[in-house]
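Okay, structure first, notes after.
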Amino acid sequence: MEIRNLQYFIAVVEANGFSEAARRLNVSQPAITQCVQKMEAELNTPLLVRGKTITTTPAGEMVYTQGKEIVEAERKLRGEVEELIHPGDAVFHIGMSPFYSKHYMPSIFVDLMKKMPEVKVNLVEDISVELEKRLLNGALDFGFVPEEPKVEGLDYRPFCIEEILLGVPKESPINQYATPSPTLPYLDLRYVQNMPFISLRNIQKISPLLDKLCEKVNISRNIIYQTLDWDTVNAMIASGAGVGFVPDVLCAEGDTKGVAYYRIPNKRVLRHYALAYPHGTTISTLAERVIKLFIMRITDYRNKIQF
């Protein structure tokens with residue numbers, strides 16, 4: 001029985017379907033179907049009950065439970081052998097956008113020096129779409145990027161959710177139309193129809209999500225300035241140049257001078273932040289430790305976000 005077949009079978013069970021498993025793994029649905037069928041032929045018994053929903057047979061439940069242990073053991077074995085053969089190769093090339101690096105890396109770097117002094121991290125800063133290209137061509141081991149839209153050939157491991165807010169100059173008259181709430185106030189996007197808008201450039205991963213949002217609420221944006229950096233968007237809003245969308249980190253940091261932040265009624269804009277790596281990557285035990293530290297520190301930072 002091949003490890004890959006086990007991995008695909010486990011994905012089908014956890015995704016409750018072949019199509020969703022294929023989406024998560026970035027492979028074709030027929031490929032997953034063939035692997036599961038091959039396992040059933042090898043074991044001479046059905047593993048899944050196929051219908052509107054996917055359920056495991058008793059044999060399938062056994063394969064799922066023990067298969068997860070086998071897959072994890074194989075991953076750890078490969079990682080430990082790799083570390084034994086290359087004990088000095090503790091260098092990881094990791095990508096993150098400059099904006100998120102500014103917020104997340106100080107605590108991550110200090111923790112790495114204290115807990116894993118043998119590890120060297122080469123941090124590459126660039127916008128997410130460029131980091132994904134570097135992942136595909138092998139220039140990066142891992143990257144921290146928004147999950148959607150996904151890029152074929154990469155696997156994504158989402159671990160936290162970010163909210164996108166509307167930023168309005170504090171002196172703008174439209175602030176009077178805000179709806180109070182126990183946390184952040186709300187502001188209907190109709191009030192910013194045709195107002196001067198500060199925006200990220202279309203190349204950024206957030207663009208399709210925001211375009212879809214504006215289309216859904218039937219508003220158009222009068223974009224007067226585009227940039228590659230969220231901090232610039234925020235600073236332009238604070239200057240009174242226009243309104244714009246910004247990530248929740250800016251509001252949570254208390255960087256609110258000149259800017260009023262709002263949630264969007266009936267349509268909170270949420271997106272997953274994820275670890276990304278080339279599909280089929282065997283992650284060593286040491287790499288998992290580094291990844292766990294990154295994720296733990298980013299999660300700790302975000303858990304402190306309060307409005």
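In this text, all values refer to a predicted model and were calculated from it rather than measured experimentally.
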Discussion item. Between Asn175 and Tyr262, is the side chain to side chain donor-acceptor pair (under 3.5 Å) condition met? List the steps.
Written reply: CA-CA 10 Å; Asn175 289 301; Tyr262 299 104; 2.4 Å; yes
Fill in: CA sep, side-chain torsions, deciding dist, call: Glu147, Arg157, salt bridge (charged side-chain N to carboxylate O under 4.0 Å, His left out)
CA-CA 8 Å; Glu147 182 184 21; Arg157 190 191 298 180; over 6 Å; no
Worksheet item: Stepwise, does the side chain to side chain donor-acceptor pair (under 3.5 Å) test hold for Asp126 with Ser97?
Response: CA-CA 5 Å; Asp126 209 333; Ser97 77; over 6 Å; no
Worksheet item: Can you check side chain to side chain donor-acceptor pair (under 3.5 Å) on Asn122 and His93, steps first, answer last?
Response: CA-CA 5 Å; Asn122 175 28; His93 303 277; 2.9 Å; yes
Worksheet entry | Audit row: Glu125, Ser101, side chain to side chain donor-acceptor pair (under 3.5 Å) steps and yes/no | CA-CA 8 Å; Glu125 295 182 324; Ser101 172; 2.6 Å; yes
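The minimum heavy-atom distance between Leu187 and Ile174, with the atom names listed, is CD1-O, 3.8 Å. Here the closest heavy-atom approach between residue Ile164 and residue Leu210 is recorded as CG2-CD2, 4.2 Å. Among all heavy-atom pairs drawn from Glu162 and Arg302, the shortest one is CA-NH2, 3.5 Å. Considering every non-hydrogen atom in both Gln193 and Asn218, the closest pair reads OE1-O, 4.2 Å. Considering all non-hydrogen atoms of both residues, Thr57 and Pro46 come closest at OG1-O, 2.8 Å. Summarising the geometry of Ile108 relative to Arg297, their closest heavy-atom pair is CG1-CB, 3.5 Å, with the distance given to 0.1 Å.
No chain of hydrophobic side-chain contacts below 4.5 Å, direct or via other Ile, Leu, Val, Met, Phe, Trp or Tyr residues, connects Leu131 to Ile298. Both Trp230 and Leu184 sit in one connected hydrophobic cluster of ILVMFWY residues. Membership requires side-chain heavy atoms under 4.5 Å apart, directly or through other members.
Thr55 and Arg50 are not linked by any side-chain donor-acceptor pair at a separation below 3.5 angstrom, with hydrogens and angles left out of the test. Under the 3.5 Å distance criterion, with hydrogens and angles disregarded, no donor-acceptor pair is assigned to the side chains of Asp300 and Tyr104. There is a side-chain donor-acceptor pair under 3.5 Å between Asn194 and Ser220. Side chains of Glu148 and Tyr156: a donor-acceptor N/O pair is absent below 3.5 angstrom, by distance only.
Here Tyr100 and Tyr273 bring their ring centres to under 6.0 angstrom of each other. For Phe294 and Phe144, the ring centers are positioned less than 6.0 Å apart.
Between the CG atom of Asn222 and the CD1 atom of Ile224 there is a distance of 7.0 Å, given to the nearest 0.5 Å.
Aromatic ring orientation, Phe197 versus Phe245: tilted (interplanar angle from 30° to 60°).
For the pair Glu132 and Leu140, the minimum side-chain heavy-atom distance is 4.5 Å or more.
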